[in-house]
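Inspection log for the structure reproduced underneath, given as structure tokens.
Just so it is clear, the model here is predicted, and its values are computed rather than measured.
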Amino acid sequence: SDKMSDKQSAQKSAKIASGAVVCVESEIRGDVTIGARTVVHPKARIIAEAGPIVIGEGNLIEEQALIINSYPENITPDSEGVEAKTMTIGINNVFEVGCMSQALKIGDNNVIESKADLGRNMILTSGCIIGACCQVNTCEVIPENTVIFGSGCQRRVQTERPQPQTLHPGPKNVPLWHSE
Amino acid sequence: MASLLQPDRVLYLVHGEKKIRSPLSTLYFCRYCSELRSLECVSHEVDSHYCPSCLENMPSAEAKLKKNRKRICNQLNENFRCANCFDCPCCMHTLSTRATNIPAPLPDDPSKTAMKKAYYLACGFCRWTSRDVGMADKSVASGGWQEPDNPHTQRINKLIEYYQQLAQREKLERDRKKLARRRPYMPLAFSEKYGLGTRLQRQRPGAPITSLAGLSLKEGEDQKEINIEPAQALDEVEPLPEDCYTRPINLPEVTSLRQRLLQPDFQPAGASQLHPKHKHLLIKRSLRCRKCEHNLSKPEFNPTSIKFKIQLVAVSYIPEVRIMSIPNLRFQKECQVLLTLTNPVENITHVTLVGCEEGDPEDINSTAKVMVPTKELVLAGKDAAAEYDELAEPQDFQDDPDVVAFRKSNKIGFFIKVVPQREEDGDVTVSFKIRHDFRNLAAPIRPSEEGDAPAEAIWLTHHVELSLGPIIA
């Protein structure tokens, strides 16, 4: 599905590359770029409030996932000296159902499991797995192949990376984004 | 308010070795003694073992030992673990077997390769795999996984055998001295069998371990002498590595205490030596009244079944008091609390409530005065078909509206008056006695002389405590 659409102004537009599948029921607000072969399921939300979001290729963003580039708590949109930071997401990541990610930089081949919660100051490298319901809000770079799991957010390093997900062709019979 | 229905709001007092106050839903009722029993005044017995993940039944310990007397060492090593299921050594979740296709050379023609299935163990929770510790993939889906051998196993087994033999010998000598005077012609081996045969002796605390009970000496069997070498103390110890203090710690490689101690025979310090262990079995237990030795709870043998063969739980015999609504409680002001009383049996039950007297030794927790209804409350029998029967005649009990708020099949709502006596923080607690009639349907010990007389009613009294919540200033 070949769709390119520019809404309203150049700043607040969603650029969707060819080969991506974005459902109409998803909510995409602000300056969002979505790479090829990325699938965005219905009820997913990608909100670029405090800056643009650039999403790479081959990602899977499942239902009710929330990727949001929002202002940090103590800064209001009107305060001075606030730069718009770009949130970058690499390739082949999986954002499972109901997760929330505010991390400004996410690398490749990561999996953010259901209902996980990533803070803004985190940086995921590659091959990381953030387990279900794990809230991680530290200011650090997560080393490669780290698995965070359990109610205490225990960590270990995995030696095996699971096979990259064969991406779904997207949900069937759901209205897709149309160019205007 | 759903919190009013929490089970710990209403406690019943159990008279046992210890006075225990506990919600009715956790108590049992011995209908032979006609008394409430809690988990602490019953004896717990193991019925059977089963694996929680594959739900396979294992015969009980005694049955195992009876069959395999000679293989003592293997029994102790098997240690009640499942043969098929494994636990993740990292997070203790159950491991699942995954398959991959790997190219492998054909046996007939090595130059060609075909896809062969290889199996490995993986944890879905922490993503541990058997490849992390270097375990090779197996070609069979189950049964190929072995736990690593412990180098000390032989020495430990020999020590165990030696000490078992020593214990047997000492016991025989003791019995020999006892029986020497009484029955000199009685075979010596019998003393052990009589010693641990009856249940009463088994229940003695400090009694010898029953797992060794079946190991009595057969008549005329030669006792093999087992000798052990004493442990030798060494002067020289392996020195620490030179970079012990300077080498930076690789944190992901260090095992946590929990991971280490769950494998007490190896206690590996490094995560690369954490091998999966077989899953521990769970038990099905039965409960027995200590006074009359009747079973109070006996589950079914099948692990997939949650039913019971015998289930003498208190909620099926004793009327249950529950809190329905509480007004704002005020210090030294009379408040009216609405309670419900439910009748679990099929016949009509008469209930009388009595307040606790001054100086009642059971009344230790109440912080308020309570006025309970003086008249007898009548509860209709529990009728399972009543909710479907639209033509049922309305019950005519002529309730006093000041006492009984409502009536619905086998349940009534009634009022009590509470006057909180203490202004401090904490819950207002009231207690009273509930006296009801109980028809014992257990089989009579002696046949009734008058033919089929209906079961006699006895009156039971229970001490009930209610926790009504804090005082609202």
Looking at CD of B:Q259 and CD of A:Q154, how far apart are the two atoms once the value is rounded to the nearest 0.5 Å? 6.5 Å
Report, by ascending residue number, the residues of residues 83-94 of chain B in heavy-atom contact with chain A at a distance under 4.5 Å; give 'none' if the set is empty. B:C90, B:C91
Hey, could you give me the CD1/SG distance between A:I129 and B:C126, rounded to the nearest 0.5 Å? 10.0 Å
Assess whether atom NZ of A:K43 is packed by more than 12 heavy atoms of other residues, nucleotides or ligands within 6.0 Å. no
Can you establish whether the number of heavy atoms outside A:E140 located under 6.0 Å from its atom CD is more than 12? yes
Taking atom CD as the centre, does B:Q154 end up with more than 12 heavy-atom neighbours from other residues, nucleotides or ligands that are less than 6.0 angstrom away? no
Got a sec, which residues hit salt bridge (charged side-chain N to carboxylate O under 4.0 Å, His left out) with B:R322, two or more places apart in sequence or on another chain? B:E320
With sequence neighbours excluded, tell me which residues meet side-chain hydrogen bond (donor to acceptor under 3.5 Å, both in side chains) with B:S38. none
Return the SG to CD distance between B:C123 and A:Q158, rounded to the nearest 0.5 Å. 11.5 Å
Who pairs with B:R98 by side-chain hydrogen bond (donor to acceptor under 3.5 Å, both in side chains), at least two apart in sequence or on another chain? none
Is atom CD of A:E49 surrounded by more than 12 heavy atoms (other residues, nucleotides or ligands) closer than 6.0 Å? yes
Please check if the number of heavy atoms outside A:K115 that lie under 6.0 Å from its NZ is greater than 12. no
Working to the nearest 0.5 angstrom, can you tell me the gap between A:R156 CZ and B:T255 OG1? 13.0 Å
